[in-house]
Structures are given as structure tokens and as C-alpha cells.
Amino acid sequence: MPVMDLAELSWDNSFTRELPADETTLNRVRQVHGAAYSRVMPTPTEAPTLIAVATELLEMFGLDPDIGENESFVRAMTGNAHVAGTDPHAMCYGGHQFGNWAGQLGDGRAITLGEVLTAADGRQTLQLKGAGPTPYSRTADGLAVLRSSIREFLCSEAMHHLGVPTTRALSVALTGDKVMRDMFYDGRPALEQGAVVCRVAPSFIRFGNFEIFAARGDIDNLRRLADYTIATYFGELLDSHGVDPTNGPFSKDVYVDWFAEVARRTVDMIVAWQRVGFVHGVMNTDNMSIHGLTIDYGPYGWLEDYDPTWTPNTTDASMKRYRFGAQPHIASWNLERLANAIYPLVEEVEPLESALNSYVSRFNERWPQMMADKLGLVDFDPEFDQSLIEGLLELLPRAETDMTLFFRRLAEIDAASQLIDDAELLAPLLDAYYLPDQLSGDHRGATVAWLRRYRERVATGGRPDAVRRRAMNSVNPKYVLRNYLAQLAIDDAEQGDFALTSELLDVLRRPYDEQPEHERFAAKRPDWARTRPGCSMLSCSS
Ligand code: AMP
Ligand code: MG
């Protein structure tokens with residue numbers, strides 16, 4: 001029976017129970033040593049109002065589908081009511097930001113309520129983002145604004161439905177408070193509406209949680225955190241070693257195998273990002289989940305025209321460290337930071353290095369397979385397909401080609417008929433080009449040549465067109481949270497109209513389905529959005 005009261009959930013706060021707490025309970029910005037977290041209460045807000053809830057998550061927790069109408073739920077989701085059984089706290093972590101060690105960071109505006117044991121999805125942690133200052137807020141206010149909260153809420157749910165490993169979002173709500181933000185760091189701060197997202201994941205442990213203990217030489221706590229993480233979340237790994245989870249510290253092999261598992265999950269996440277055209281924007285090590293989940297939706301973006309050098313993050317505009325094409329390498333660099341952090345538990349370079357190499361070998365196996373799937377090939381035949389894929393990736397950036405539309409339209413190519421002229425061959429793809437004029441001369445010739453190669457390959461693969469089309473449409477989404485769509489939802493939400501937020505949440509639940517009634521959400525970026533802030537570029541200021 002679904003329940004109406006969050007207090008009735010099976011709260012089981014293992015993180016705060018098993019790991020050391022900050023002894024000081026004063027909520028003041030400071031360095032926190034020898035502790036994994038600080039207990040802290042969310043800051044009450046003026047007028048909490050619910051914007052949207054994800055019904056799948058209510059279901060996951062066994063909560064009543066109508067709970068959103070319940071004032072005590074809205075108060076809890078904005079940090080205005082203490083829920084019995086929770087143990088609110090902010091985690092201490094560090095991180096490498098844009099390639100440099102940044103010292104202590106921590107949950108500066110996220111407050112974890114606690115963990116719930118769910119019937120089907122195991123342990124799930126609930127965390128409020130934007131719920132007020134913590135000891136880790138550094139110079140900032142601990143708050144989040146409506147635009148970034150809508151972006152996180154919609155995108156994390158969209159990613160889940162796309163089959164990309166991600167943290168989830170249970171709710172998004174207005175706080176009723178105003179928040180000052182200088183959106184483009186150009187000295188023109190303005191008041192914006194404050195909001196809170198309740199996000200959900202098995203845990204919010206990041207690479208940076210390990211890095212902070214290692215950087216401080218606090219090896220005891222490093223080991224405690226690793227043992228806790230492995231015993232709580234990587235039980236199968238202990239089973240495979242025949243190790244009793246209550247019996248840490250574990251052997252070196254266990255730590256190494258665990259690291260290799262984190263690397264594996266990270267590969268799978270990155271390959272999924274590359275498949276759907278997602279650019280995280282801030283792949284600092286404090287934004288890397290130990291579960292291989294996409295975490296911390298900030299200045300992320302979706303590729304519109306296929307441009308591997310693109311990043312939505314204006315803070316990174318000159319270096320483009322976190323551009324689309326660099327994500328696989330950056331993840332590996334981040335894993336290397338994690339390897340360094342846990343080195344004191346292993347004290348041997350070789351096994352960690354070999355686990356790191358397994359990231360590269362797995363990526364080199366998974367990525368071509370994923371590309372072959374996008375092309376609808378029955379299998380990946382390196383002899384022929386390597387150059388087919390490379391040829392396409394060289395071609396796509398040469399004209400502004402919408403990535404999502406291109407792959408969806410490629411599925412329509414008719415490979416069965418014998419004779420087909422160039423115009424017929426190109427016809428299904430035309431809509432994918434931002435500037436149809438660009439599909440002329442050399443580029444047109446090269447595209448036609450590639451398409452002919454592609455047809456030939458598909459024909460020899462022996463998969464009938466209809467079967468190939470179905471397979472392609474199950475990995476190439478029709479609907480993604482295009483940057484301009486999120487912005488349209490935000491524009492309306494800022495005026496108090498949340499209908500588009502709900503509609504997008506709904507459409508994005510079935511991103512691979514045709515949904516002809518929602519065709520307009522599959523349209524490529526309109527011209528007005530080309531340069532509009534929020535649509536093409538974003539800052540970290542959220
Ligand atoms: P991010 O780049 O968003 O992952 O944030 C990096 C660090 O800055 C983390 O420690 C965040 O908790 C902190 N942070 C970001 N925004 C705020 C804010 N408005 N108030 C307090 N801390 C923040
Ligand atoms: Mg972060």
C-alpha cells in the first residue's frame with residue numbers, strides 16, 4: 001500500500017551511522033578534518049510550492065501518487081519540515097577542478113536527508129539541492145535558482161529514460177525566496193526565484209570523497225570510506241572474492257577490483273553520453289559518481305549540430321577542456337585521480353595501472369559497438385566498419401548537421417532498392433541540416449559517397465530495412481532535452497506556468513517512440529535560439 005507520509009519509509013542512514021561525523025555542529029564555513037560529513041539542517045523558506053514530481057520515483061519509494069497535494073510533503077521537499085527517520089547532513093569532499101587540485105569542496109548547497117531501503121531498487125539516498133548553506137558553502141549562498149533546478153529535474157529524468165546511468169529527481173519546488181545571481185559574470189546581478197530539487201541515487205559519493213582524505217593523509221578514514229562504499233554498494237564484488245562484508249579492511253585485490261568496477265561503470269556512462277550527444281560541461285572529479293552515474297547537472301548541453309569541440313560551459317570557453325569529443329579521455333584522467341587517491345590502500349602501482357588500462361580497452365570495445373548500433377549494423381566488423389564510422393565522423397562536422405535528427409533519419413535510408421539517384425538518397429536526411437546550402441558541392445558529393453558505402457554495408461549485413469530501422473530507433477533517440485526546449489520550459493516557469501515542464505517530462509519518458517502528437521519537440525534548434533543565453537551557452541552560475 002502506497003503511503004502518504006515520508007516518515008513511514010524505511011529510513012536506514014548507513015552513511016552517517018558508519019562514517020565519522022564532523023564534531024562541530026555549528027553551520028559555519030570552514031575546513032572540516034577527520035570527518036566524512038557534517039550534520040546540518042536545511043534553511044526554512046518563505047513559500048514552498050511544488051512545481052513537478054516524477055511519478056516513477058514516488059512509485060519507487062512506495063509513496064502515494066497524490067502525495068504532491070500534501071502540504072507536509074512539499075515542506076519536506078524544500079527543507080521546511082524535518083522528516084522523522086532522516087539525518088540531514090552535507091558531505092565533505094574535494095576535487096580536481098579543470099585539471100587542478102582544488103582542496104576541500106563538499107556539499108555547499110546539497111543536504112542529504114537520508115537513505116531509504118526500497119522494495120525493488122535497494123538503498124536510495126534523497127538529497128535536497130539548493131536547501132541552504134552548509135559548512136562547505138565557501139563564498140556562496142547554498143541556494144539554487146529556478147532555471148538550473150528545472151534543467152536538473154528534466155534532464156536527469158530524460159537521461160534515465162534514454163538508458164543513460166544517472167541520478168534521478170523526485171521533485172522540483174519553488175522556495176518562495178529570491179536569489180541573487182550574476183548569470184554571465186558580467187557584473188549585472190539580478191534577483192531570481194529560488195528552487196530546490198530533491199534528487200535520488202543509491203549514494204552521492206564522488207571520486208572527490210576519496211581524494212580529500214588522501215590529500216590530507218588521512219588514510220584511516222580513506223580506508224573506512226572505501227570499506228563502507230564497497231560493503232554497502234558493491235556486495236557482488238565481495239561475494240566473488242568470498243569476503244564477508246562486515247569484515248573490513250579488505251585485501252588489496254578487493255580495492256583493485258572495486259576500482260576496476262568503477263572504471264567499467266564509468267566507461268558505460270561515457271559511451272551512453274556519446275551515443276545521445278550529451279555534454280556534461282563540468283567533469284571535475286567532484287562531479288564524478290563512484291557508481292558511474294551522471295551527476296551534478298549544471299552547464300550541461302546537448303549537441304545540436306554535431307561538433308566534437310563544442311562545450312556549453314562559458315567558464316570553459318577558452319580551454320574547452322570538457323568538450324564533447326574530450327569526455328572519454330577526461331573520464332580516464334579523472335579515474336587516474338581516483339587511482340592516486342586509493343593508492344595508499346593498495347601500495348602497488350601496477351595493478352591500479354592495469355585497471356586503468358582496462359578503461360581504455362573497454363572503451364575501445366564498447367564505443368565502436370555503440371556506433372555500429374547507431375548505424376544499425378548487425379555487428380561491428382573492424383575491417384570495414386572502422387573506416388565507415390571514421391568517414392561519417394569526419395563528414396558530420398563539415399556542415400551544421402543535427403546529430404539527433406541525422407541518426408534518426410539515417411534509419412529511413414532505403415537499402416533494399418537497386419537504383420536510387422543522389423537526390424532520392426539524400427532526401428530523408430535534408431531536415432538534419434541547419435543550412436541546406438551547405439549540402440552542396442564537395443560536401444554533397446562526400447555525403448552521397450558515404451551513404452552509398454553505408455547502403456552497401458547494410459545490404460551485405462543481411463538485415464532487412466524494417467528490422468534495421470527498428471534497431472536504430474531503439475538506440476538513436478527522437479526526443480532529447482534540446483537546449484532551447486529546456487529554456488522554453490524555464491521561460492514559462494519563471495512566469496509561473498509549469499505546463500511545459502510537465503509536458504516535456506512526459507514526452508521525454510518515451511524518447512525512442514515516434515509520438516507524432518509531440519513532433520514539434522523533435523524539431524532542430526530554431527534560429528532565435530542560436531545565440532540566446534541559456535540555449536547555446538551557460539555559465540556555472542546557477
Ligand atoms: P559544481 O561545479 O556545481 O559541482 O560546484 C562546485 C562546488 O561549489 C561544490 O562544492 C558545490 O557545492 C559548490 N557550490 C556551487 N554552487 C553553490 C552555491 N550556490 N552555494 C554554495 N556552494 C555552491
Ligand atoms: Mg558539483
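Since the structure is predicted, the reported quantities are computational estimates derived from the model, not experimental observations. Both counts, for ligands and for their atoms, begin at 1 and track the order of listing.
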Subject >> Non-hydrogen side-chain atoms of Arg482 and Phe521 separated by less than 4.5 Å >> reply: no
Original post:
Heavy atoms only: which of Gly95, Gly106, Ala102, Gly108 is nearest to atom 10 (O) of ligand 1?
Top reply: Gly106
Original post:
Would atom 5 (O) of ligand 1 count as contacted, meaning some protein heavy atom under 4.0 Å?
Top reply: no
Subject >> Element-labelled atoms of ligand 1 that are located less than 4.0 Å from some non-hydrogen atom of Asp141 >> reply: 18 (C), 19 (N), 20 (N)
Original post:
Hey, does the side chain of Asp257 reach the backbone of Leu237 with a donor-acceptor pair shorter than 3.5 angstrom?
Top reply: no
**OP:** Check each of Asn287, Asn313, Leu143, Thr315 against atom 1 (P) of ligand 1 and report the one with the nearest heavy atom.
**Re:** Asn287
Original post:
Given the rule in the side chain to side chain donor-acceptor pair (under 3.5 Å) test, do Tyr300 and Asn483 qualify, once you have shown the distances and angles that lead to the verdict?
Top reply: CA-CA 9 Å; Tyr300 69 82; Asn483 310 314; over 6 Å; no
Original post:
Of all the atoms in ligand 1, which lie at a distance below 4.0 Å from a heavy atom belonging to Asp296?
Top reply: 4 (O)
Original post:
So, is Asn287 placed with an N/O/S atom under 2.8 Å from the Mg ion (ligand 2), counting both backbone and side chain?
Top reply: yes
**OP:** Classify the contact between Leu105 and ligand 1 as side chain, backbone, both or neither, using a heavy-atom distance cut-off of under 4.0 Å.
**Re:** both
Original post:
Should the ring pair Tyr484 and Trp528 be called parallel, tilted or perpendicular, given that the plane angle runs from 0 to 90° and is split at 30 and 60?
Top reply: perpendicular
Original post:
Is the ring centre of Phe153 less than 6.0 Å from the ring centre of Tyr297?
Top reply: no
Original post:
Which residue supplies the protein heavy atom nearest to atom 8 (O) of ligand 1, what is that atom called, and how far is it?
Top reply: Arg138 NH2, 2.6 Å
Subject >> Per-atom contacts of ligand 1 with Arg181, taking only distances under 4.0 Å to non-hydrogen atoms >> reply: 19 (N)
Original post:
Name of the Asp296 N, O or S atom nearest the Mg ion (ligand 2)?
Top reply: OD2
Subject >> Residue Gly142 vicinity, atoms of ligand 1 by number, heavy atom under 4.0 Å >> reply: 18 (C), 19 (N), 20 (N), 21 (C)
Original post:
With only distance considered, is Arg109 within less than 3.5 Å of ligand 1 through an N or O on each side?
Top reply: yes
Original post:
Is Glu157 paired with Arg168 through a side-chain N to carboxylate O contact shorter than 4.0 Å?
Top reply: yes
**OP:** Output yes if Asp286 passes the N/O/S-under-2.8 Å test against the Mg ion (ligand 2); output no otherwise.
**Re:** no
**OP:** To the nearest 0.5 Å, tell me how far Asp107 CG sits from Asp286 CG.
**Re:** 10.0 Å
Subject >> Residue, atom name and distance, where the atom is the protein heavy atom closest to atom 18 (C) of ligand 1 >> reply: Ala140 CB, 3.4 Å
**OP:** Classify the side-chain pair Gln327/His280 by whether it contains a donor and acceptor separated by less than 3.5 Å.
**Re:** no
Original post:
What pair of heavy atoms forms the shortest contact from Gln124 to Pro202, and how long is it?
Top reply: OE1-N, 3.5 Å
